[in-house]
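Sequence lines set the chain letters: A, B, ... in the order given, protein chains first and strands last, and positions in each chain run from 1.
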2 protein chains.
Amino acid sequence: MPYDPSAFPPFAVTVDLVVLTVRKDALYALVVRRGEPPYQGRWALPGGFVRGDEDLEAAAARELTEETGLRSQALEDQDAGAHLEQLATYGAPQRDPRMRVVSVAYLVLAPDLPSPIAGGDARSARWAPTDTLLGVGDGGGWEAEQQAPLAFDHDQILRDGVERARSKIEYSSLATAFCPPEFTVGELRRVYEAVWGVALDPRNFHRKVTGTPGFLVPTGGTTTRQGGRPAQLFRAGGATLLNPPMLRPEV
Amino acid sequence: MPYDPSAFPPFAVTVDLVVLTVRKDALYALVVRRGEPPYQGRWALPGGFVRGDEDLEAAAARELTEETGLRSQALEDQDAGAHLEQLATYGAPQRDPRMRVVSVAYLVLAPDLPSPIAGGDARSARWAPTDTLLGVGDGGGWEAEQQAPLAFDHDQILRDGVERARSKIEYSSLATAFCPPEFTVGELRRVYEAVWGVALDPRNFHRKVTGTPGFLVPTGGTTTRQGGRPAQLFRAGGATLLNPPMLRPEV
DNA sequence: TCAATAGTGTCTGTAAGACACTATTGG
DNA sequence: CCAATAGTGTCTTACAGACACTATTGA
């Protein structure tokens with residue numbers, strides 16, 4: 001088929017963000033309340049139109065800053081910023097009832113924020129447990145009379161984002177993206193436990209993460225945030241890939 | 001930012017295909033010769049516009065059939081069709097000099113085709129070794145006076161597709177998508193060796209794949225395609241995830 | 001004192017890497 | 001006969017899972 005720029009069908013392109021954090025030993029996602037139809041009053045993932053001269057990842061980073069005040073350090077960047085990566089693209093013809101919209105979803109992993117939402121136009125944004133948003137624990141899905149709380153196909157996007165996070169912390173050091181710049185082994189373990197929804201043996205976990213070269217770098221300090229014996233503080237090392245991986249227990 | 005459907009910037013949305021196969025103990029990709037500017041005469045990945053009422057994956061499957069005659073069985077389907085999955089989306093503002101184009105790339109893994117290209121409008125399509133297309137072996141990249149052979153950002157898309165294939169056969173049974181419906185352990189091993197570009201111990205490989213439940217199912221037949229002692233024939237079993245994974249040797 | 005968390009060491013089972021050996025074909 | 005590929009078995013080592021034990025805090 002020859003390329004015919006004058007005859008392409010018109011599409012709108014948006015970015016949607018799956019922003020995940022760990023708080024209170026559970027995985028939380030950022031959602032915003034929709035102020036207008038369709039799905040008025042329902043929760044949705046933050047997002048918006050890609051501008052005419054804007055890169056996709058730049059649009060995702062811009063939306064992230066607008067919604068949360070977070071600065072994203074896309075890929076490999078060690079700074080205090082959140083991790084940002086492309087997740088997948090959703091373009092079913094009727095996913096938005098008004099027009100044809102193709103949405104490029106991005107996944108953001110952020111530490112628990114001191115002030116939940118410090119952003120600009122985040123009118124009614126909040127953190128919600130992903131289990132609640134996805135109806136986990138009510139029998140694995142939403143009942144017939146019960147409506148999934150998320151607008152559009154955002155429940156599917158969120159599901160895909162959570163699964164991506166769950167699998168990526170197995171073979172990468174990405175779990176540290178959920179932690180503050182300095183953290184203890186116990187705090188990192190609680191991240192794994194929250195994201196996977198399982199209990200891990202603290203002793204084997206300690207041996208694994210401290211024994212993997214480049215994963216953790218001791219900062220010298222100690223803390224007693226959790227009660228009990230003071231724990232060493234670490235920051236993320238340079239290693240990004242874990243080999244061998246952290247094994248997720250069978251369910 | 002309120003959703004304003006009347007004010008969205010105009011985008012064209014295309015699908016591009018990374019179609020991979022294994023032949024002559026190397027990884028090959030399907031490329032087509034461009035007949036018009038820009039990049040006239042250069043090789044490019046097959047692809048085309050998404051229609052106004054067409055799902056993204058349907059557009060990818062349609063392009064695949066048009067270019068190769070292959071029928072894709074997207075996801076989990078055991079039939080003779082090729083494996084098709086979404087790869088990533090590319091939307092840099094200037095990636096197409098004529099207009100703003102966002103391209104959703106799909107990855108296709110296909111067995112070596114008896115008649116290379118049996119499709120319809122595939123004017124000048126051919127299989128090319130991915131190493132040649134990506135300039136591997138010339139020092140890891142294209143020299144200054146040498147031009148990458150692929151149009152647009154298709155070298156990056158191909159690179160991402162190859163890397164996805166390389167990592168996915170580690171922890172899934174996807175390597176069988178490169179094989180005909182019935183195949184031997186040796187043929188499957190040569191697939192791994194071609195995709196990873198390494199040599200594997202035939203004996204340890206045999207133990208691993210035949211010892212993983214659900215990976216391979218013996219069909220009862222034998223063959224002597226490769227010379228030497230006849231080998232048992234297998235077909236792909238129901239298992240899609242390999243646990244523990246096939247380990248890729250360090251480079 | 002106890003409860004809680006941090007951290008180390010030890011045993012066991014699984015499985016990967018290396019590699020010897022046998023089996024069955026074609027030339 | 002030999003060369004080539006298929007398939008089995010054995011030894012060693014790495015490492016995960018289970019769990020005993022000590023260390024250091026706060027209540």
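Residue-to-nucleotide contacts include a donor-acceptor pair under 3.5 Å from the side chain of N204(A) to the base of dA18(D). Residue R203(A) places no side-chain atom within donor-acceptor reach of the base of dA16(D), judged by atom type and a 3.5 Å distance cut-off alone.
Note: CG (L247(A)) to P (dT14(C)) measures 15 Å, nearest angstrom. Put simply, CZ on F205(B) is 17 Å from C1' on dA18(C), counting in whole angstrom units. Rounded to a whole Å, the CD atom of E187(A) is 11 Å from the P atom of dG7(C). Rounded to whole Å, the distance from CD on E170(A) to P on dC15(D) is 17 Å. One can place CG of L200(B) at 14 Å from C1' of dA18(C), the figure rounded to the nearest angstrom. In this structure, M246(B) places its CE atom 9 Å from P of dA16(C), rounding to the nearest Å.
For R190(B), the salt bridge (charged side-chain N to carboxylate O under 4.0 Å, His left out) criterion is met by no residue, not counting sequence neighbours. With sequence neighbours excluded, the residues that form a salt bridge (charged side-chain N to carboxylate O under 4.0 Å, His left out) with K168(A) are E85(A). In terms of the salt bridge (charged side-chain N to carboxylate O under 4.0 Å, His left out) criterion, residue partners of E170(B) (sequence neighbours excluded) are, by chain and number, R248(B). Residues passing the side-chain contact (heavy atoms from CB on, under 4.5 Å) test with A29(B) are L20(B), T130(B), L133(B), L158(B), sequence neighbours excluded. Residues satisfying the side-chain contact (heavy atoms from CB on, under 4.5 Å) criterion with P129(B), sequence neighbours excluded, are Y28(B), T132(B). For A175(B), the side-chain contact (heavy atoms from CB on, under 4.5 Å) criterion is met by I169(B), L188(B), V191(B), Y192(B), not counting sequence neighbours.
Residues D131(B) and L27(B) are not in side-chain contact: their nearest non-hydrogen atoms beyond the backbone lie 4.5 Å or more apart.
Annotation: of the two residues near DNA chain C, D201(B) and N243(B), the 5′-most nearest-nucleotide partner is N243(B). For the pair V185(B) and R207(B), nearest-nucleotide mapping onto DNA chain D gives the more 5' position to V185(B).
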Sort me out a list of protein N/O and nucleotides 1-5 of chain D N/O pairs below 3.5 Å, or just none if empty.
residue : atom : partner : partner atom : Å
dT5(D)  : O2   : R229(B) : N            : 3.3

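Closest contact between the side chain of P230(B) and the listed nucleotides dC21(C), dG7(C), dT24(C) involves dT24(C).
Backbone-only engagement by P244(B) is indicated by non-hydrogen atom pairs under 4.0 Å involving sugar-phosphate atoms exclusively.
Between H206(B) and dG7(D) there is a side-chain N or O to OP1 or OP2 distance below 4.0 Å. OP1 or OP2 of dG7(C) sits under 4.0 Å from a side-chain N or O of Q232(A).
Contacts with DNA chain C (heavy atom under 4.0 Å) in residues 208-222 of chain A: none are found.
Sequence neighbours left out, the pairs with a member in residues 196-206 of chain A that pass side-chain hydrogen bond (donor to acceptor under 3.5 Å, both in side chains) are D201(A)-R203(A), N204(A)-R207(A).
The existence of a salt bridge linking R189(B) and E193(B) is confirmed by a sub-4.0 Å separation between a basic side-chain nitrogen and an acidic carboxylate oxygen.
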